[in-house]
There are 2 protein chains.
Amino acid sequence: MPRLSDVARVAGVSKATASRALSGADGVSAATRSKVQRTAEQLGFRASGAARRLATGMTRTIGVLTPSVDRWYFGSVLHGIAHMADAHEHDVLLYDLGAFGRGGHEKFERFMRRGEVDGLVTITWSLVGGDLTRLAQLGIPVATVGEPTPHSRSFSLDDDAAGELAAEHLVRLGHTDLLHLASETEVQPFDSSSSDRRKRAFEAVSIRHGLRMRPVTTVPTHLEGAHGIVRALLDRDDRPTGVVAGTDEAALACMLAAHQLGIRVPEELSVIGVDDVPAAAAFGLTTVRQDPARHGEDVVAWIIEALSRPEAEPDRSHTSYAPELVVRASTAPPPR
Amino acid sequence: MPRLSDVARVAGVSKATASRALSGADGVSAATRSKVQRTAEQLGFRASGAARRLATGMTRTIGVLTPSVDRWYFGSVLHGIAHMADAHEHDVLLYDLGAFGRGGHEKFERFMRRGEVDGLVTITWSLVGGDLTRLAQLGIPVATVGEPTPHSRSFSLDDDAAGELAAEHLVRLGHTDLLHLASETEVQPFDSSSSDRRKRAFEAVSIRHGLRMRPVTTVPTHLEGAHGIVRALLDRDDRPTGVVAGTDEAALACMLAAHQLGIRVPEELSVIGVDDVPAAAAFGLTTVRQDPARHGEDVVAWIIEALSRPEAEPDRSHTSYAPELVVRASTAPPPR
DNA sequence: ACTGGCATCGGAACCGGTTCCGGTTCCTGG
DNA sequence: CCAGGAACCGGAACCGGTTCCGATGCCAGT
């Protein structure tokens, strides 16, 4: 591997000049610059990131602590993060902590001992409260996406509004007998997880409009587990006329169960979800949209900005995004 | 930020000893080691990754060039990569090149100028052939997952076998009139993309068993776009008795269209896909499974291994994974 | 008592860039 | 014709770790 000093020697200049020429700094004549650039190209020179970082003290890297990236929400946030980081010429270092709660802790500890990143974003559920407070003492900008938290700057969907929007949509269509399907959260850092907030918003709407009160049912976040439960709930005479699901996964499981039972959607049963996963569009599911990639972009923009004024007092504010109702073919007025 | 020299000074030892104590190297008495460790803890010392890397010459980082990670396949591969990298205490640097073919190129060029990673994995479609050959000249282990390629070591599902397995399953059930739904590939580095291989395998099965020959239909990879096309195909009297889809997305779009048209699955129409996405299990879709996370793990294992013997000749071999038939409720013998 | 050897530690070089500081050269204005 | 300054460049220090090598202390063996 050719080093900078090799390039300098071949080009007949000093290391200092070579560095200036290649980095784009001024104080180098155009002729010299192009000569250096040419020989660098010729030698296949690639600057050592480690050396540059050591010399400048700027890492230009942001770390991401996340649960398994094979899930839509986390993948989408990560996509947004990568996009914005790239726009600011920052690298992104990925720490996939695996499934919720399981085994992520020792990875986290290892992460804490390394001083590689100058900004950090944690995605909901990847950590519990105690870890978050330790992160906050790291001396670098830390932000969370997916859920409000008092321990750091945070970005998330306004879950209260989302739950309300979903329920209100069915109420406005004339429904008075609704069932809420809450998605299970394996680990929840605070007592007000997204799922709980959506559930409580639903209950508030129920009370406000005097709907029939039914017990809330919690289903697993994966479709397969949810399906059997939902099917049992729908396969009875006093079933509700509409289902407000906490997530699209639950809503889709519900649509499937309805299909299998011969219950027509939306004529006999309305179904609404939250998230707007790709499958929701395909299956014509009415839902409340959030845009996780956008959250990822914003969190990185904030970190970059925080990096630019190192001596500011820590910002622990929360940004919540307004949900957006997307009406498709799974909701309609109740039968008769 | 405390440096190693600070720890050394406070602990009353030299930088050399402090380094040895913290890195776990021997040549340090137990007493000294624990003293150093204690003061490091106390000072909140975190070693500079850049300095360590510069000194050792070992980056312990593997780069990943991938299309948008918000899609199931890419997210899953990345998950496997992250998992295995972590097991070997390597970091993973993510380069999300965005949607297929669009705008990824300048990001790629920027990547090429940085010398940050000591191993690289590219995920299918993130690059075109020319870029791959440049990568191969980088002097670091490079591997591709998702498709066979002559330019580097590669790992992928055996697409020929997958296409055959899907078609043969329906043939064995007694079907003689099948339709193939190929998933569109926006960019394909070689003339034999996954989609094409699956399609050709289907055609081979058709000929071998003397099935009715129907034109292959190509549908977009996102469910929404596929749905309308599929619906039109099914809404006619001479529709096939079974559909062999190139991906689960296409298969699910097909199931949905069938439901909407009142065509019962599997009694009146059998549907089979490839991939085994989470939704497939939920919707009872018979499919041919592949395990992208496994591919991600293996590719990293190979890179780590290649790193350990730097002077070996380049390995451009291909590993293909056998597909696995997962029979669920969407396939049955043809009607009558 | 003396020597050989092992365990432990410190000094200093080094990794490969960036940047401060000072020295030339050359051009401009008085 | 000379002072002042701008443009350009080189030497050397520096970032913060790791590691080679030599020095020291201590104990066992003869």
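Every heavy atom of this structure was used, including side-chain atoms; hydrogens, water molecules and symmetry mates were not. Proteins come first, then strands; the chains are lettered A, B, ... in the order of their sequence lines, and each starts at number 1. A quick note: this is a predicted structure, and the numbers were derived from the prediction, not measured.
Of the residues in residues 47-56 of chain A, those with a non-hydrogen atom less than 4.0 angstrom from any atom of DNA chain D are A:L54, A:A55. Residues from residues 15-26 of chain A that place a heavy atom under 4.0 Å from any atom of DNA chain C, listed by number: A:K15, A:A16, A:S19, A:R20.
In terms of heavy-atom proximity, B:L93 sits nearest to A:V92 at CD1-O, 3.3 Å. For B:E147 against B:T144, the heavy-atom pair with the smallest separation is O-CG2, 4.0 Å. Closest non-hydrogen pair, A:T32 versus A:S29, comes out as OG1-OG, 2.7 Å. Listed here is the closest heavy atom pair of A:S156 and A:H318: OG-CE1, 3.2 Å. Scanning both residues, A:V299 and A:A143, for their nearest heavy atoms gives CG2-CB, 3.4 Å. Residue B:L54 comes nearest to A:A51 through the heavy atom pair CD1-CB, 3.8 Å, listed as atom of the first residue, atom of the second, then distance.
The nucleotide range of DNA chain D contacted by chain B, defined by atoms under 4.0 angstrom from heavy atoms of the protein and reported 5' to 3', is D:dG16 to D:dC20.
Nearest-nucleotide assignment on DNA chain C puts the 5′-proximal partner with B:S29, out of A:R3 and B:S29.
Taking 4.5 Å as the limit, some side-chain heavy atom of A:H90 sits within range of a side-chain heavy atom of A:L307. In this structure, B:L94 and A:V64 have side chains that are not in contact, with every pair of non-hydrogen atoms separated by 4.5 Å or more.
Relative orientation of the B:H295 and B:Y321 rings is parallel, given thresholds of 30° and 60° on the angle between their planes.
The pair B:E116-B:R53 fails the salt-bridge criterion, with no side-chain N (NZ, NE, NH1 or NH2) lying under 4.0 Å from an Asp/Glu carboxylate O.
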